[in-house]
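Below you'll find the structure, written out as structure tokens, and then a few comments.
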Amino acid sequence: MQEEMQKKTENSADTENKTVDDTREADNLSYLMKTGGVISRSAGETIHCLTIIGQIEGHYLLGDGQKVTKYEHIIPLLVSIEESEEIDGLLLVLNTMGGDVEAGLAIAEMVASMTKPTVSLVLGGGHSIGVPLAVSAGVSFIVPSATMTIHPVRMSGTVVGVPQTYFYFQRMQDRIIRFITDHSGVSEQDFRQMLMKTDEIATDTGTLIDGYQAVNCGLIDHTGGLAEALEELRRQIRTHKEKNASRDPAERT
């Protein structure tokens with residue numbers, strides 16, 4: 001009799017655990033579909049992995065057939081990551097063709113201003129406005145096979161042919177260059193040269209570089225994949241925790 005009751009108790013516990021696991025898995029899948037991110041917990045560290053994929057959507061909706069990253073979703077998500085006491089660091093994974101300049105730059109500025117450890121990883125491509133996003137993290141990685149397209153700002157639609165229009169373009173380009181050079185090791189002179197090259201991209205000016213070239217010119221910090229990016233992020237998290245532990249409790253963030 002006791003053995004039967006024990007078996008029933010064990011079966012009930014197993015069923016309950018399975019239900020909890022299924023619920024957690026469903027919640028994770030739902031969160032991934034809504035935000036393009038996932039929260040990973042291991043060894044006392046909680047990492048939020050956020051993906052920037054496809055085209056970055058700005059003030060205008062893109063077509064239904066396009067993969068997009070919506071900046072109105074990403075910006076409040078970054079705020080919640082920064083404010084969360086549970087999340088220790090951010091891994092930003094990019095495979096983007098670029099998109100809206102102001103939206104991409106806004107996301108990049110948000111990541112760059114975070115106090116929590118941040119690491120970026122470029123997979124596939126980090127093109128156009130994806131370049132500021134890639135360098136916005138504290139440490140950046142790129143896989144050798146990934147590519148990054150560097151080209152001047154362009155605009156679609158009606159353009160008024162007056163000097164003010166070209167002045168606006170120049171100021172926007174200067175903002176992007178200043179951000180990239182402030183958050184990477186590439187010099188302004190070298191970056192402007194890559195912007196204006198005429199012999200690499202058909203019917204356009206600019207430069208297409210792979211992972212090794214991105215590191216050699218100082219644009220990206222290291223070549224490496226997921227394992228290297230996670231190792232660096234965990235190192236930053238440990239350093240951040242040790243620094244906070246040594247400070248006065250009233251000053252901790």
Side-chain angles (χ1 to χ4, degrees), residues 24-40 46-84 86-138 140-143 146-158 168-169 172-173 175-176 178-180 183 220 226 229 233:
R24 185 179 295 121
E25 184 176 351
D27 290 343
N28 288 339
L29 181 60
S30 176
Y31 185 78
L32 175 61
M33 293 176 66
K34 288 180 180 178
T35 67
V38 66
I39 297 174
S40 173
T46 303
I47 294 172
H48 194 293
C49 175
L50 178 62
T51 57
I52 304 293
I53 61 170
Q55 191 164 351
I56 299 165
E57 188 179 77
H59 304 299
Y60 300 97
L61 292 174
L62 298 176
D64 293 336
Q66 299 185 61
K67 292 282 187 180
V68 299
T69 295
K70 296 178 178 292
Y71 86 109
E72 69 268 27
H73 293 173
I74 300 299
I75 289 178
L77 181 59
L78 291 172
V79 175
S80 69
I81 293 171
E82 174 70 8
E83 288 295 298
S84 174
E86 298 179 357
I87 297 174
D88 299 310
L90 171 67
L91 176 64
L92 189 66
V93 180
L94 295 103
N95 185 10
T96 177
M97 60 185 294
D100 188 278
V101 171
E102 289 190 346
L105 200 56
I107 297 172
E109 289 282 10
M110 288 284 289
V111 174
S113 63
M114 295 177 71
T115 61
K116 290 189 175 180
T118 57
V119 169
S120 66
L121 173 62
V122 180
L123 299 169
H127 305 294
S128 190
I129 199 62
V131 177
L133 285 165
V135 305
S136 64
S140 56
F141 285 83
I142 185 171
V143 296
T147 55
M148 305 182 80
T149 303
I150 301 167
H151 61 69
V153 173
R154 68 278 314 277
M155 182 181 294
S156 60
T158 302
Y168 171 76
F169 269 75
M172 182 177 289
Q173 188 69 70
R175 287 165 54 202
I176 296 171
R178 183 167 59 248
F179 182 90
I180 292 172
H183 294 87
I220 300 295
L226 180 60
L233 183 56

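Keep in mind that what you see is a predicted model, and the values were worked out from it rather than measured. Position 1 is the first residue of the sequence, and the numbers go up from there.
The closest side-chain heavy-atom distance from M148 to I220 is below 4.5 Å. In this structure the side chain of F169 never reaches within 4.5 angstrom of the side chain of P152, judged on heavy atoms. Residues L226 and L91 have side chains in contact (heavy-atom distance under 4.5 Å, counting atoms from C-beta outward). Between D100 and I129 there is no side-chain heavy-atom pair separated by less than 4.5 Å. A heavy-atom distance below 4.5 Å is not found between the side chains of T96 and I53. L123 is not listed as a side-chain neighbour of L94, based on a closest heavy-atom distance of 4.5 Å or more. Between V122 and S140 the shortest side-chain heavy-atom distance does not fall below 4.5 Å. Annotation: side chain of V79 is in contact with side chain of M110 (closest heavy-atom distance under 4.5 Å).
Within the 3.5 Å criterion, the main-chain N or O of T149 finds a donor-acceptor partner in the side chain of H127. In terms of modelled atom types and a separation under 3.5 Å, the side chain of T46 and the main chain of I87 share no donor-acceptor contact. Within the 3.5 Å criterion, the main-chain N or O of E86 finds a donor-acceptor partner in the side chain of S84.
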- Go through the steps for I176 and V101 under the test side chain to side chain contact (heavy atoms under 4.5 Å, CB included), then give the verdict. CA-CA 9 Å; I176 296 171; V101 171; 3.6 Å; yes
- Message: Run S128 and H151 through side-chain hydrogen bond (donor to acceptor under 3.5 Å, both in side chains) and show every step you take.
- Response: CA-CA 6 Å; S128 190; H151 61 69; 3.3 Å; yes
- Carefully, step by step, assess E102 and M172 under the rule side chain to side chain contact (heavy atoms under 4.5 Å, CB included). CA-CA 9 Å; E102 289 190 346; M172 182 177 289; 4.3 Å; yes
- Message: Working note: V38 + H48, criterion side chain to side chain contact (heavy atoms under 4.5 Å, CB included); need CA distance, chi angles, decisive distance, verdict.
- Response: CA-CA 6 Å; V38 66; H48 194 293; over 6 Å; no
- Item | Residues D88, K116; criterion side chain to side chain contact (heavy atoms under 4.5 Å, CB included); working and verdict | CA-CA 7 Å; D88 299 310; K116 290 189 175 180; over 6 Å; no
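Contact between A112 and H183 at its shortest, heavy atoms only, is CB-NE2, 3.6 Å. Contact record, C49 with V93: SG-CG2, 3.8 Å, taken as the closest heavy-atom pair. Nearest heavy atom pair, residue A108 against residue P132, reads CB-O, 3.8 Å. Of all non-hydrogen atoms in L133 and G104, the two that sit nearest each other are CD2-O, 3.6 Å. The heavy-atom pair separating G58 from Y71 by the smallest distance is O-CE2, 3.5 Å.
One finds the CD1 atom of I74 at 8.5 Å from the CG atom of L92 (value rounded to the nearest 0.5 Å).
With sequence neighbours excluded, the residues forming a side chain to side chain contact (heavy atoms under 4.5 Å, CB included) with M114 are L78, I81, E82, L90, T118, listed by chain and number. For K70, the side chain to side chain contact (heavy atoms under 4.5 Å, CB included) partners at least two apart in sequence or on another chain are E57, L61, V68, E72, H73.
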